[in-house]
Peer 1: 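Could you have a look at this structure, given as structure tokens, before my questions?
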Amino acid sequence: MKLATWNINSLKVRLPQVLDWLRANPVDALCLQELKLSDEFFPIDAFQEIGYTAHWAGQKTYNGVAIVTPAPGTDIQKNIPGFEDPQQRVIAATLGDIRVVCAYCPNGQSLESDKYIYKLQWYEALNRWLQEELKRYPRLAILGDYNIAPADEDVHDPAKWEGDVLVSPPERQAFQALLSLGLSDAFRLFPQPEKSFSWWDYRRFAFRRNAGLRIDHILLSAPLAQACVACEIDKAPRGNEQPSDHTPVIATLAV
DNA sequence: ATGGCTTGACCATCAAGA
């Protein structure tokens, strides 16, 4: 089984690239973030033409998430239960006996911003919900854009980023609190090349300089972590014409 | 020290991303 996540920064612009990628990389679930379109514009027909279906929670202009999968899931959940939020950042579906959660975690903007408060509150709500969800679904994967680089090795220039949003200690604690629920960072289950990143700024030739961050992650509950045989970042789409600033992360499970 | 792209909204700049 293969699970993948990709922040595509506008599904309208990136649809051809997503379809190409799926043809080259068949997966059991592709979690997409930053659709940037309302529900009625989700291109379900295009996915069906290549043998997939999807569940989505769209929003005009901002946010929006989807799970693209060969067969429909069950128990579709949009948003974090009990956390009122007009921003569409979460969708979950059960595929077989595996609970798949797709998340677009808030960016936070800066440590002084109200959006930073929102980010930390959002993470608290996510944590509370996942605690319950793990009781119901021991086999759980949560994939997405976390907007947190968990450690200095996930940052191209830790000194330059120190104390900034995406790497600040409270954010890293929020990430660690998810791991404390019994989840594992699939990427770190295996030896990995140094300076592995999943996002590079569009500006200043950041991709060419490999000036990136690893902020897109796949977290696995214990039974799935034990079954995980590989986790890779696919840098290829970042070299496309009109690329997303993020690139896919893929986990392979022996289930 | 600042902003450096890209997208969407809407047609001229601006918010937001990270």
Side-chain angles (χ1 to χ4, degrees), chain A residues 5-18 21 31-43 56-66 85-90 102-123 126 143-175 187 195-217 233 235 237-249:
Chain A
T5 179
W6 192 6
N7 178 325
I8 38 81
N9 183 21
S10 168
L11 183 54
K12 186 182 167 196
V13 172
R14 231 70 64 193
L15 179 63
Q17 293 184 44
V18 174
W21 189 86
C31 296
L32 298 174
Q33 302 88 38
E34 286 209 82
L35 307 182
K36 294 189 172 179
L37 45 75
S38 350
D39 279 343
E40 61 267 35
F41 296 118
F42 188 89
W56 63 92
Q59 182 185 332
K60 188 178 178 179
T61 313
Y62 303 114
N63 310 308
V65 286
D85 193 352
Q87 304 187 34
Q88 299 302 305
R89 296 182 172 279
V90 171
C102 171
Y104 175 46
C105 311
N107 170 283
Q109 195 167 59
S110 76
L111 271 58
E112 298 76 34
S113 172
D114 288 345
K115 293 175 187 172
Y116 184 76
I117 308 290
Y118 163 72
K119 180 177 191 173
L120 295 178
Q121 289 173 340
W122 188 94
Y123 261 98
L126 178 72
L143 306 88
D145 174 359
Y146 289 72
N147 271 312
I148 296 174
D152 280 353
E153 63 181 331
D154 304 310
V155 181
H156 73 278
D157 186 346
K160 196 172 127 191
W161 277 84
E162 189 177 358
D164 214 340
V165 74
L166 312 193
V167 308
S168 74
E171 291 168 272
R172 286 181 167 172
Q173 281 160 22
F175 188 83
F187 192 72
K195 308 230 175 256
S196 289
F197 307 124
S198 67
W199 170 87
W200 300 262
D201 201 301
Y202 282 123
R203 298 166 289 189
R204 299 173 58 193
F205 307 103
F207 182 59
R208 211 164 72 187
R209 297 187 294 119
N210 197 28
L213 302 175
R214 191 176 71 95
I215 54 177
D216 300 271
H217 309 297
I233 295 170
K235 284 171 75 169
R238 189 61 174 79
N240 289 349
E241 292 269 316
Q242 247 191 323
S244 169
D245 43 355
H246 297 252
T247 200
V249 184

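Residue numbering restarts at 1 for every chain, and letters A, B, ... go by the order of the sequence lines.
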Peer 1: Has the side chain of A:K119 got a donor or acceptor atom that lies under 3.5 Å from a matching backbone atom of A:N147?
Peer 2: yes
Peer 1: Tell me what A:N63 touches on the nucleic acid: a base, only sugar-phosphate, or nothing, going by heavy atoms under 4.0 Å.
Peer 2: nothing
Peer 1: Under 4.0 Å, counting only non-hydrogen atoms across every strand here, what does A:D216 touch: a base, just sugar-phosphate, or nothing?
Peer 2: nothing
Peer 1: At a heavy-atom distance below 4.0 Å, what parts of residues 241-249 of chain A sit against DNA chain B?
Peer 2: A:Q242, A:H246
Peer 1: Using a 3.5 Å distance criterion without hydrogens, assess whether the side chain of A:T5 forms a donor-acceptor pair with backbone atoms of A:V249.
Peer 2: no
Peer 1: Mapping A:L213 and A:V13 onto DNA chain B by nearest heavy atom, which one lands closer to the 5' end?
Peer 2: A:V13
Peer 1: Under the salt bridge (Lys or Arg N to Asp or Glu O under 4.0 Å) definition, can you give me all pairs with a residue in residues 150-161 of chain A, not counting sequence neighbours?
Peer 2: A:D152-A:R172, A:E153-A:R188, A:D154-A:R188, A:D154-A:R214
Peer 1: Give one of base, sugar-phosphate or nothing for A:D201, where a contact means two heavy atoms less than 4.0 Å apart.
Peer 2: nothing
Peer 1: If you take all heavy atoms of A:P16 and A:V13, which pair is closest and at what distance?
Peer 2: CD-O, 3.7 Å
Peer 1: Looking for any heavy atom pair under 4.0 Å, which part of the strands does A:I215 touch: base, sugar-phosphate only, or nothing?
Peer 2: sugar-phosphate
Peer 1: Could you write out DNA chain B as a dot-bracket string, with dots for unpaired bases, | for bases paired across to another strand, and Watson-Crick or G-U pairs counted at under 3.5 Å?
Peer 2: ....(((((...))))).
Peer 1: Go through residues 154-171 of chain A and report each residue with a non-hydrogen atom lying under 4.0 Å from DNA chain B, sorted by number.
Peer 2: A:L166
Peer 1: Test side chain to side chain contact (heavy atoms under 4.5 Å, CB included) on A:N9 and A:H246 and set out the steps.
Peer 2: CA-CA 8 Å; A:N9 183 21; A:H246 297 252; 5.7 Å; no
Peer 1: Could you tell me how far B:dA15 sits from B:dC10 if I compare only their C1' atoms? Round to whole Å.
Peer 2: 13 Å
Peer 1: Is the shortest heavy-atom distance from the side chain of A:Y146 to the side chain of A:I215 under 4.5 Å?
Peer 2: no
Peer 1: Taking only the P atom of each, what is the distance from B:dC14 to B:dA1 in whole angstrom?
Peer 2: 24 Å
Peer 1: Distance from A:H156 atom NE2 to A:W200 atom CH2, nearest 0.5 Å?
Peer 2: 12.0 Å
Peer 1: Work out how far the C1' atom of B:dT7 is from that of B:dC11, and round it to whole angstrom.
Peer 2: 16 Å
Peer 1: Of A:Q109 and A:K12, whose closest DNA chain B nucleotide lies nearer the 5' terminus?
Peer 2: A:K12
Peer 1: Give me the atom names and distance for the closest heavy-atom approach of A:I148 to A:H217.
Peer 2: O-NE2, 2.9 Å
Peer 1: Is there a donor-acceptor contact under 3.5 Å from the side chain of A:Y123 to the main chain of A:F175?
Peer 2: no
Peer 1: Taking the same atom, C1', in B:dG4 and in B:dG17, what whole-Å distance lies between them?
Peer 2: 14 Å
Peer 1: Rounding to the closest angstrom, what is the interatomic distance between B:dA18 and B:dG8 at atom P?
Peer 2: 14 Å
Peer 1: Which atoms form the tightest heavy-atom contact between A:Q17 and A:N240, and what is the distance?
Peer 2: OE1-ND2, 2.8 Å
Peer 1: How far apart are the closest heavy atoms of A:D145 and A:N7, and which atoms are they?
Peer 2: OD2-ND2, 3.0 Å
Peer 1: With a 4.0 angstrom cut-off to heavy atoms of chain A, pull out the first and last contacting nucleotide of DNA chain B, in 5'-to-3' order.
Peer 2: B:dG4 to B:dA18
Peer 1: Under 4.0 Å between any heavy atoms, over every strand shown, what does A:F207 touch: base, sugar-phosphate, or nothing? Just pick one.
Peer 2: nothing
Peer 1: Quick one: does A:Q88's side chain have a donor or acceptor within less than 3.5 Å of a partner on A:G58's backbone?
Peer 2: no
Peer 1: Give the ring-plane orientation class for A:F42 versus A:W56, where under 30° counts as parallel, over 60° as perpendicular and anything between as tilted.
Peer 2: parallel
Peer 1: A:R209: what forms a salt bridge (Lys or Arg N to Asp or Glu O under 4.0 Å) with it, not counting sequence neighbours?
Peer 2: none
